[in-house]
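Note on naming: letters A, B, ... go to the chains in the order of the sequence lines (proteins, then strands), and numbering restarts at 1 for each one. Values reported hereafter were calculated over all heavy atoms of this structure, with side chains retained and with hydrogens, waters and symmetry mates removed.
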There are 2 protein chains.
Amino acid sequence: MDPAVVGRRVRALREERGISLSTLARLAGVGKATLSGLEHGTRNPTLETLWAVTAQLGVPLTAVLTEPAAGPTVHGTAVTATLLEVFTDTDATYELYRMRVAPGVTQLSPAHAPGVTEHVTVFAGVLCAGPADAPLTAPAGGHLRWVSDVPHSYATVGDEEVAASLLLRYPRR
Amino acid sequence: MDPAVVGRRVRALREERGISLSTLARLAGVGKATLSGLEHGTRNPTLETLWAVTAQLGVPLTAVLTEPAAGPTVHGTAVTATLLEVFTDTDATYELYRMRVAPGVTQLSPAHAPGVTEHVTVFAGVLCAGPADAPLTAPAGGHLRWVSDVPHSYATVGDEEVAASLLLRYPRR
DNA sequence: CATCATCGTTCCGTAAACGGAACAGTCGGG
DNA sequence: CCCGACTGTTCCGTTTACGGAACGATGATG
């Protein structure tokens, strides 16, 4: 955990809001020296200090402590997916992703293990996805499901980026 | 942010692993006094200290800084839902929840605004949910969808707790 | 019972994070 | 130009979190 990274995030958040270091320090009730050192990563801040600052910025502590993308992120040619949650059950393991599909490109993904299914709920845009030889289409608000033990594809319909949630279900072997 | 809460989580995580305060302090390279004070909430730990301890426990910093359920949590008679993500689009707003339904109780929820739809994907257990007068049923791996502008219900089928993801779609009025 | 190990807490000197003040640099107005 | 208001950084005395050692309590062993 690099304190310099935390510092950069704090500074970025502050500058997004267009407020000065002096102002934020005063609002958060910390010394300017403290905030300056924190943003530079030259100090090793106390929880209390970090809390005061992030609270004033209106973000949770985790916003500066974790990567902007909370989970591991998978980048493909068209698809960017970040893992939101993993759920393990006696019968299967589920992985819940937030997914974005860039327009104009079709991404082909190889087959998963037998029995793996994908559920997609579209937030925005129109998604065309599913088995490569018989893809399905869903508009915003729609839902797709397919068994992904065959090669499958993802693409947008139209120029709009697609936002969706993707649920991968891996049956216990 | 209550340092006592952080302390309790650290202590809980340590005791889950069955290791002593002395041992964890040695492994994490911090003083026993430091760890003792941290667990009691009588100290105001430094990021470095907290990082050393949580890393040794094998959990991310956020595990002790945020609620066990990361987002705002809604508790009902049978349903506990925690907000994972909010997505706002030009057409609609989506809220993605992780949901648990306790067995043996049926929860009735009042109607939402017109056009609001719910998508549920079941992780574990068997869920019976939907419009109160015509609920639907889905086993683990299944998916339900209904328009929730009428009163609707949630209940498990059988004695097993249901785990699921719930997506609420609010069309822009 | 005596002994030893380990438990978690408390004491204490040191190192460092803290807030306030002083500092140089920059912009805008009279 | 000069001045005031502001920016962010640096200096400094005070506060406090730090690790190590000492402590009493507990449990296992001979």
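In this structure, A:S36 and A:L21 approach most closely via the heavy-atom pair CA-CD1, 3.9 Å. Here the shortest heavy-atom pairing between A:C128 and A:T137 reads SG-OG1, 3.9 Å.
The distance between atom CG of A:L47 and atom C1' of D:dC18, rounded to the nearest whole Å, is 15 Å. Remark: C1' of C:dA17 and CD of B:E48 are 12 Å apart, rounded to the nearest angstrom. If you take NZ of A:K32 and C1' of C:dA24, they are 12 Å apart, rounded to a whole angstrom. Atom CG of A:L24 is separated from atom P of D:dC6 by 17 Å (rounded to the nearest Å). Here C:dT6 presents its P atom at 15 Å from CD1 of B:I19, a figure rounded to the nearest Å.
For C:dT6, neither phosphate oxygen OP1 nor OP2 lies less than 4.0 angstrom from any side-chain nitrogen or oxygen of B:S20. At the phosphate of D:dC6, neither OP1 nor OP2 sits under 4.0 Å from any side-chain N or O atom of A:T23. OP1 or OP2 of C:dA17 has not a single side-chain nitrogen or oxygen of B:T46 nearer than 4.0 Å. For the OP1/OP2 pair of C:dC7 and a distance below 4.0 Å, the side-chain nitrogens and oxygens of B:S22 include at least one atom meeting the criterion. Between A:T49 and C:dC18 there is a side-chain N or O to OP1 or OP2 distance below 4.0 Å.
Using a 4.0 Å cut-off between a side-chain N of Lys or Arg and a carboxylate O of Asp or Glu, A:E161 and A:R100 qualify as a salt bridge. Classification of B:R14 and B:E39 as a salt-bridged pair holds, one side-chain N sitting under 4.0 Å from a carboxylate O.
In the helix from C:dC1-D:dG30 to C:dA24-D:dT7, the terminal helix axes, each the rotation mapping four pairs' C1' atoms onto the next four within five end pairs, subtend 30°, rounded to 10°.
Comparing B:N44 and B:A33 along DNA chain D, the residue whose closest nucleotide (by nearest heavy atom) sits nearer the 5' end is B:N44.
Contacts between residues 35-43 of chain B and DNA chain C, defined by a heavy-atom separation under 4.0 Å, are made by B:S36, B:H40.
Between C:dG8, C:dC18, D:dG8, one nucleotide has an atom nearer to the side chain of B:R11 than all others, and that is C:dG8.
Using a distance-only test at 3.5 Å, with no hydrogens or angles considered, no donor-acceptor pair links the side chain of A:R145 to the main chain of A:V120. In this structure a side-chain-to-backbone donor-acceptor pair under 3.5 Å is missing from B:T46 to B:E48. For B:R9 (side chain) and B:V5 (main-chain N/O), no donor-acceptor pair under 3.5 Å exists by modelled atom type.
Taking Ile, Leu, Val, Met, Phe, Trp and Tyr as hydrophobic and joining them when side-chain heavy atoms fall under 4.5 Å apart, one finds A:V126 in a cluster with A:V157.
Among the atoms of the strands shown, base atoms are found under 4.0 Å from some heavy atom of B:T34. At a threshold of 4.0 angstrom between heavy atoms, the contacts of B:R26 with the nucleic acid are absent.
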